[in-house]
Protein chains: 2
Amino acid sequence: MNKTPSDDFYYALVAFLMQTKQHIVTVAVEHGLTGVQALTLLSLKSRDERSMTELCKQYDCDASNVTGIVDGLEQKGLVSRQPHPHDRRIKLIHLEEAGRTVQKKLIADIAGTSPDMFNGLADAEIEQLAALIQKMNP
Amino acid sequence: MNKTPSDDFYYALVAFLMQTKQHIVTVAVEHGLTGVQALTLLSLKSRDERSMTELCKQYDCDASNVTGIVDGLEQKGLVSRQPHPHDRRIKLIHLEEAGRTVQKKLIADIAGTSPDMFNGLADAEIEQLAALIQKMNP
DNA sequence: CTAGATATTTGACACTGTCAAGCATTAATC
DNA sequence: GATTAATGCTTGACAGTGTCAAATATCTAG
């Protein structure tokens with residue numbers, strides 16, 4: 001990174017992080033999920049079968065952490081552990097149909113019940129923000 | 001919110017949230033703070049003396065939560081509880097000089113050691129992102 | 001084939017966050 | 001002005017989250 005944003009940016013960034021996370025957690029609990037379970041479910045794309053390790057590398061957390069989270073999602077039937085075709089050590093996390101359904105509900109609720117989430121931004125600016133965040137995490 | 005971003009935006013948003021939070025936590029631990037202590041310290045502007053309640057409303061968390069976090073920061077001498085001039089129930093959280101110093105170090109480390117935080121964004125785009133996030137949390 | 005590396009899991013333990021209850025202080029009602 | 005209600009903060013109990021060290025199973029390199 002060449003450019004260093006101002007201190008004010010970091011105040012705002014932290015506020016944005018905490019507010020957004022809290023909002024997602026609140027919606028998650030209404031759907032019978034814990035906060036991290038919802039965040040993990042939301043991070044899974046339909047096709048994309050990632051291994052436990054890939055997931056924990058992406059979030060820079062301990063592998064044992066992922067075990068517990070996936071356990072919870074698997075018990076609810078939202079994801080399943082699939083064997084890797086060429087490496088029996090690896091377990092691929094597969095998003096089940098039920099998981100996709102819950103995921104869609106979560107997204108709808110997060111978007112729908114968050115009049116304040118993008119508070120102060122015009123539609124065009126929301127699109128800009130969405131584009132930038134997607135560019136960082138393609 | 002009139003505009004509803006695509007599902008892909010939410011995958012990216014969640015990834016951004018988790019990565020950024022993890023990155024801040026990592027830097028925090030290097031400075032002897034817990035993750036939430038660092039986030040709270042980072043959210044305090046120099047002048048701005050907010051009450052416990054204001055802080056917990058901003059993050060939509062329980063008041064008792066803030067008590068513990070401020071306890072930790074106060075023990076380290078980074079913030080202090082000041083009496084409100086007109087209401088003796090209220091305690092205002094004051095950022096001490098030492099707290100401001102640590103805050104600046106945190107920001108420098110977060111910015112400096114995060115070549116990946118804004119990965120894929122050009123300088124102009126980082127400025128755009130910073131402006132949008134600041135606009136949401138003025 | 002053996003030694004080392006990798007993927008995941010388990011159990012122990014600290015940190016985080018919520019809830020219910022309690023104390024002190026202020027505001028509202030009579 | 002006295003009583004009741006509301007607000008701000010703290011405490012203690014308890015679920016959730018995250019890390020570490022150790023263990024197992026499997027793969028890779030020499």
Side-chain angles (χ1 to χ4, degrees), chain A residues 14 17-19 21-41 43 49-76 79-94, chain B residues 14 17-19 21-41 43 49-76 79-94:
Chain A
V14 167
L17 288 178
M18 294 179 79
Q19 282 169 13
K21 190 200 158 207
Q22 269 306 98
H23 185 240
I24 291 176
V25 169
T26 303
V27 172
V29 171
E30 292 168 0
H31 286 267
L33 297 174
T34 68
V36 186
Q37 283 172 1
L39 285 165
T40 304
L41 188 65
S43 78
E49 294 196 321
R50 271 174 299 170
S51 69
M52 312 287 282
T53 298
E54 279 169 335
L55 206 57
C56 80
K57 270 183 190 158
Q58 180 175 354
Y59 301 131
D60 189 26
C61 76
D62 196 89
S64 63
N65 200 1
V66 178
T67 298
I69 299 169
V70 173
D71 279 351
L73 291 172
E74 198 170 25
Q75 279 171 17
K76 295 184 171 70
V79 306
S80 60
R81 287 172 163 93
Q82 301 291 339
H84 188 283
H86 304 311
D87 189 337
R88 281 181 295 172
R89 292 172 302 180
I90 297 176
K91 295 176 184 171
L92 296 171
I93 305 166
H94 173 73
Chain B
V14 168
L17 288 178
M18 295 178 77
Q19 282 169 13
K21 189 200 157 208
Q22 269 307 96
H23 184 241
I24 292 176
V25 169
T26 303
V27 172
V29 171
E30 292 168 0
H31 287 268
L33 296 175
T34 69
V36 187
Q37 283 172 1
L39 285 165
T40 304
L41 189 65
S43 76
E49 293 196 321
R50 271 175 299 170
S51 69
M52 312 287 281
T53 299
E54 279 170 336
L55 206 58
C56 80
K57 269 182 192 162
Q58 179 175 354
Y59 302 131
D60 189 26
C61 77
D62 196 88
S64 63
N65 199 2
V66 178
T67 297
I69 299 168
V70 173
D71 280 350
L73 291 172
E74 199 170 25
Q75 280 170 18
K76 294 183 171 71
V79 306
S80 60
R81 287 171 163 96
Q82 300 291 338
H84 187 283
H86 303 311
D87 189 335
R88 279 182 296 174
R89 291 172 303 182
I90 298 176
K91 295 176 185 171
L92 296 172
I93 305 167
H94 174 73

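Order of the sequence lines fixes the chain letters, A, B, ..., with proteins taken first and strands second; residue numbering starts at 1 for each chain.
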By side chain to side chain contact (heavy atoms under 4.5 Å, CB included) - contacts of A:Ser64 (at least two apart): A:Asp62

Which residues share a side chain to side chain contact (heavy atoms under 4.5 Å, CB included) with A:Cys56, sequence neighbours left out: A:Cys61, A:Ala63, A:Val66

Minimum side-chain heavy-atom gap A:Lys76-A:Leu33 below 4.5 Å: yes

Any residue meeting salt bridge (charged side-chain N to carboxylate O under 4.0 Å, His left out) with A:Asp71, in chain and number order, not counting sequence neighbours: A:Arg81

Nearest-Å distance for atom pair CD/P, residues B:Gln58 and C:dG17: 14 Å

Set of residues satisfying side chain to side chain donor-acceptor pair (under 3.5 Å) with respect to B:His84, sequence neighbours excluded: none

Test item: A:Leu17 and B:Leu17 side chains (from C-beta on) under 4.5 Å apart, heavy atoms: yes

Positional range of nucleotides in DNA chain D within the contact set of chain B, heavy-atom, under 4.0 Å: D:dA6 to D:dT19

Whole angstrom value for the distance that separates C1' of C:dA27 from NE2 of B:His86: 16 Å

Side chain to side chain contact (heavy atoms under 4.5 Å, CB included) against A:Gln82, all qualifying residues, sequence neighbours excluded: A:Glu49, A:Ser80, A:Leu92, A:His94, A:Glu96

Partner residues of A:Gln58 under the side chain to side chain contact (heavy atoms under 4.5 Å, CB included) criterion, sequence neighbours left out: A:Arg50, A:Leu55, B:Ala15, B:Gln19

Qualifying salt bridge (Lys or Arg N to Asp or Glu O under 4.0 Å) pairs with a residue from residues 82-94 of chain B, counting only residues at least two apart or across chains: B:Asp87-B:Arg89

With A:Ser43 via side chain to side chain donor-acceptor pair (under 3.5 Å) - residues at least two apart: A:Tyr59

Under 4.0 Å protein heavy-atom contact, by nucleotide of nucleotides 4-10 of chain C - B base, S sugar-phosphate only: -BBSSBB

Relative orientation of the end axes in the helix from C:dC1-D:dG30 to C:dC30-D:dG1, expressed as an angle to the nearest 10° (five pairs per end): 30°

First encountered from the 5' end of DNA chain D, between A:Asp60 and A:Arg88: A:Asp60

